[in-house]
Asker: 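One structure, pasted below without further comment.
One is the number of the first residue; the rest follow in order along the sequence.
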Amino acid sequence: MTAREIIAAIGIAAEHWRNPNCAARRAAHEAIAARTHYDNAMIGEALDALFGPLTEEALNSVIVDELGSLDILDHFMERPSRPAAHARGVERVVIISSDTTIGVAIPPTVFALCAKSQVTVRDRSDDLISRFRTTLVEIEPRLTDRFTTQRWTAHDDPQFRTSLATADAVVAFGGDEALGNIRAQLAPQARFIPYGHSTSAAYLEREALAHDVTALARDLAHDALLYDGDGCLSLHLIFVERGGTYERERFLAALGHAIRDYGAAHPLDPLRRDPRVAAARDRAAFRAALGHGRVIADDDAATLLIVDQPEDEGPPLLRRAISLIHVDEPDDALAYLRQHSLPLEALATATENPREDILRMAIASGAARVARCGRLQFPPFTGEHGGQRRIEPFVRWIYRA
């Protein structure tokens, strides 16, 4: 198959999944609900965000940008000022899905397929990847043997270990311990593309807080509470810049209302309640009673906002828990992030074009993305998630000179 044929098939399959009435999507939706206990609106939003941008045009754009052309995946191509080359996909790719984030394995899967690699995905109990595979191979049967899924239940499963040992590239999502165990099982020359646990933060510029903050508060609540605060793009920490005409009480009231409104519209499933959130609320309430900081929470601690906790205490990083810290400048936020060794996936800002000092802080923090508040949970398909390029990890170059 040519790269263009593979891309066309993926685009058609994704188009099927963009339809909420697609039978495979409906089955996946129900299975995701059983696995995650997210409400139906959240799951629908996640699937729309996953398959909406997955178009033939987007795939073409990313591949041409990273490799120079589509045809270079099929044969040798002349290159200006460099030797002619062919971008050949590595033979075997293994992708290990995330425990939480819905469909995060889809982008690396489709790009590895575009590179013409043999792709095996370790799927989760909702079988999202397996169901998408069924749609894809019905459209293009020639991909049947190039794309397989497995449901390994343990890291010591013999088949899983064999897959890792013989892989040329492995993409894995997980915590440090799990990623370390996976890396130890790879061949020395295998490429490892890890996506470790991280979080996201917001930096609210004083100039943005001088206006009506109601919409901004709603955006922050959405960024923090969508998917119950699971995943690396969930907002757990908000830095608010002092100064200007910022009205502290007005903003905190708006944010508290927005958090409560979102929680009421999308109630947390009782099975997902974390007792540590209630404990964090009680500690914050005790400090507030002594005159230090503030706590805004539901009666049952389903959502929690801690305001100005001690600088030597990191954010809880718990489900539907948010910390808000007032700072004087971006360097204060950077110092806090470094003090608590917080790995950032993304930094949200209140304005479309943040100040240069805020961008410098974002770069120094290690964040892979800067986005406007309200868009944190919707990274562009064409972006470099986790700071990694999309198809390059699955390609090895052969040049003629």
Asker: Counting C-beta onward and ignoring hydrogens, is there a side-chain heavy-atom pair between Pro53 and Thr382 closer than 4.5 Å?
Answerer: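 Not touching, per the 4.5 Å side-chain cut-off.
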
Asker: What do the steps show when you test His197 against Asp176 for side-chain hydrogen bond (donor to acceptor under 3.5 Å, both in side chains), and what is the final call?
Answerer: CA-CA 7 Å; His197 288 170; Asp176 290 345; over 6 Å; no

Asker: How close do Gly196 and Leu179 get, heavy atom to heavy atom, and via which atoms?
Answerer: CA-CD1, 3.5 Å

Asker: Does the side chain of Gln118 reach to within under 4.5 Å of the side chain of Thr148, using non-hydrogen atoms?
Answerer: yes

Asker: Can you name the closest pair of heavy atoms from Pro20 and Arg26 and give their distance?
Answerer: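 Reported closest heavy-atom pair: O-CG, 3.4 Å.
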
Asker: Find out whether Arg146 and Ile6 are in side-chain contact, i.e. whether some heavy atom of one side chain is under 4.5 Å from a heavy atom of the other.
Answerer: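 Side chain of Arg146 against side chain of Ile6, heavy atoms only: no contact under 4.5 Å found.
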
Asker: Does Leu204 reach the side chain of Cys373, with side-chain heavy atoms less than 4.5 Å apart?
Answerer: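 Side-chain contact under 4.5 Å: yes.
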
Asker: Could you report the tightest heavy-atom contact between Tyr195 and Gly386, atom names first, then the distance?
Answerer: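 For Tyr195 and Gly386, the tightest heavy-atom pair comes out as CE2-CA, 4.0 Å.
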
Asker: To check you understand the geometry: which heavy-atom pair defines the closest contact between Leu73 and Ala115, and what is its length?
Answerer: CD2-CA, 4.2 Å

Asker: Report yes if some heavy atom in the side chain of Glu207 is under 4.5 Å from a heavy atom in the side chain of Glu241; otherwise report no.
Answerer: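 Result yes, sub-4.5 Å side-chain heavy-atom pair found.
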
Asker: Testing the basics here: between Ile72 and His86, what is the closest heavy-atom pair and its distance to 0.1 Å?
Answerer: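 Nearest heavy atoms, Ile72 then His86: O-ND1, 2.8 Å.
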
Asker: Show the nearest heavy-atom pair for residues Glu91 and Arg88, with the distance to one decimal.
Answerer: OE2-NH2, 3.0 Å

Asker: Salt bridge check: are Glu352 and Arg375 linked by an N-O gap of less than 4.0 Å?
Answerer: no

Asker: So does Lys116 pair up with Asp74, basic N to acidic O under 4.0 Å?
Answerer: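 Looking at Asp74 together with Lys116, the answer is yes, because their closest N to O distance falls below 4.0 Å.
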
Asker: Would you compute the distance between atom CG of Asn19 and atom CG of Leu47 and round it to the nearest 0.5 angstrom?
Answerer: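 The distance works out to 12.0 Å.
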
Asker: Scan the side chains in residues 306-318 for donor-acceptor partners under 3.5 Å anywhere in the protein, sequence neighbours excluded, and list what turns up.
Answerer:
unit_1 : atom_1 : unit_2 : atom_2 : d
Asp308 : OD1    : His326 : N      : 3.0
Asp308 : OD1    : His326 : ND1    : 3.1
Asp308 : OD2    : Arg248 : NH1    : 3.4
Asp308 : OD2    : Arg248 : NH2    : 3.2
Asp308 : OD2    : His326 : ND1    : 3.0
Gln309 : OE1    : Ser323 : OG     : 2.7
Gln309 : NE2    : Glu313 : O      : 2.9
Gln309 : NE2    : Gly314 : O      : 2.8
Glu313 : OE1    : Arg287 : NH1    : 3.3

Asker: Give a yes or no on whether a salt bridge exists between Asp274 and Arg276, defined as a side-chain N under 4.0 angstrom from a carboxylate O.
Answerer: yes

Asker: Measuring only between side-chain heavy atoms, which start at C-beta, is Leu54 closer than 4.5 Å to Leu59?
Answerer: yes

Asker: Using 30° and 60° as the class limits, which term best fits the ring planes of Phe111 and Phe381: parallel, tilted or perpendicular?
Answerer: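 Answer is parallel, since the angle falls under 30°.
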
Asker: Flag the pair Asp123 and Arg151 as a salt bridge only when some basic side-chain nitrogen lies within less than 4.0 angstrom of an acidic carboxylate oxygen.
Answerer: no

Asker: Under the criterion salt bridge (charged side-chain N to carboxylate O under 4.0 Å, His left out), I'd like the reasoning laid out for Glu78 against Arg400: C-alpha separation, chi angles, the key distance, then a yes or no.
Answerer: CA-CA 9 Å; Glu78 297 296 330; Arg400 189 179 68 219; 3.0 Å; yes

Asker: Can you check whether Arg260's main-chain N or O pairs, donor with acceptor, with Thr303's side chain at less than 3.5 Å?
Answerer: no

Asker: Under a 4.0 Å N-O cut-off, is there an ion pair linking Arg25 with Asp48?
Answerer: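 Asp48 and Arg25: salt-bridged.
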
Asker: Check the angle between the aromatic planes of Phe132 and Trp17 and answer parallel, tilted or perpendicular using the 30° and 60° thresholds.
Answerer: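 Judged by the thresholds at 30° and 60°, the geometry between Phe132 and Trp17 is perpendicular.
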
Asker: I'd like to check Thr349 versus Glu205 (side-chain heavy atoms, cut-off strictly below 4.5 Å). Are they in contact?
Answerer: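 Yes, side chains in contact.
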
Asker: Roughly how far apart are Glu138 CD and Leu136 CG, rounded to 0.5 Å?
Answerer: 9.5 Å

Asker: Cation-pi check for Trp397 against Arg79: NZ or CZ below 6.0 Å from the six-membered ring centre and within 45 degrees of the axis, yes or no?
Answerer: yes

Asker: Using distance alone, with no hydrogens and no angle criterion, decide if His222 and Glu45 have a side-chain donor and acceptor under 3.5 Å apart.
Answerer: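 Checked: His222/Glu45 side chains pair up, N/O donor to acceptor below 3.5 Å.
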
Asker: I'd like to know if the side chain of Asp71 pairs up with that of Ser69 as donor and acceptor (distance under 3.5 Å, no hydrogens or angles considered).
Answerer: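 There is no such pair between these side chains.
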
Asker: I'd like to check the salt bridge (charged side-chain N to carboxylate O under 4.0 Å, His left out) partners of Asp331; sequence neighbours left out, ordered by chain and number.
Answerer: none

Asker: Measuring only between side-chain heavy atoms, which start at C-beta, is Glu247 closer than 4.5 Å to Thr245?
Answerer: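 Side chain of Glu247 against side chain of Thr245, heavy atoms only: no contact under 4.5 Å found.
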
Asker: For residues 224-237, tabulate all N or O donor-acceptor pairs below 3.5 Å that involve a side-chain atom, not counting sequence neighbours.
Answerer:
unit_1 : atom_1 : unit_2 : atom_2 : d
Asp228 : OD1    : Arg320 : NE     : 3.1
Asp228 : OD1    : Arg320 : NH2    : 2.8
Asp228 : OD2    : Arg272 : NE     : 2.7
Asp230 : OD1    : Arg319 : NE     : 3.4
Asp230 : OD2    : Tyr38  : OH     : 2.9
Asp230 : OD2    : Arg272 : NH2    : 2.2
Ser234 : OG     : Gly229 : O      : 3.4
Ser234 : OG     : Asp230 : N      : 3.4
Ser234 : OG     : Asp230 : O      : 2.5
Ser234 : OG     : Gln377 : NE2    : 3.3
His236 : ND1    : Ala321 : O      : 3.0
His236 : NE2    : Gly229 : O      : 3.0

Asker: Quick one: pull up OG1 in Thr149 and CZ in Arg124 and give me the separation to the nearest 0.5 Å.
Answerer: 12.5 Å

Asker: Of the options Thr55, Ile12, Leu70, which is the one that meets Ile7 in a side chain to side chain contact (heavy atoms under 4.5 Å, CB included)?
Answerer: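 Running side chain to side chain contact (heavy atoms under 4.5 Å, CB included) over Thr55, Ile12, Leu70 with Ile7 returns exactly one hit, Leu70.
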
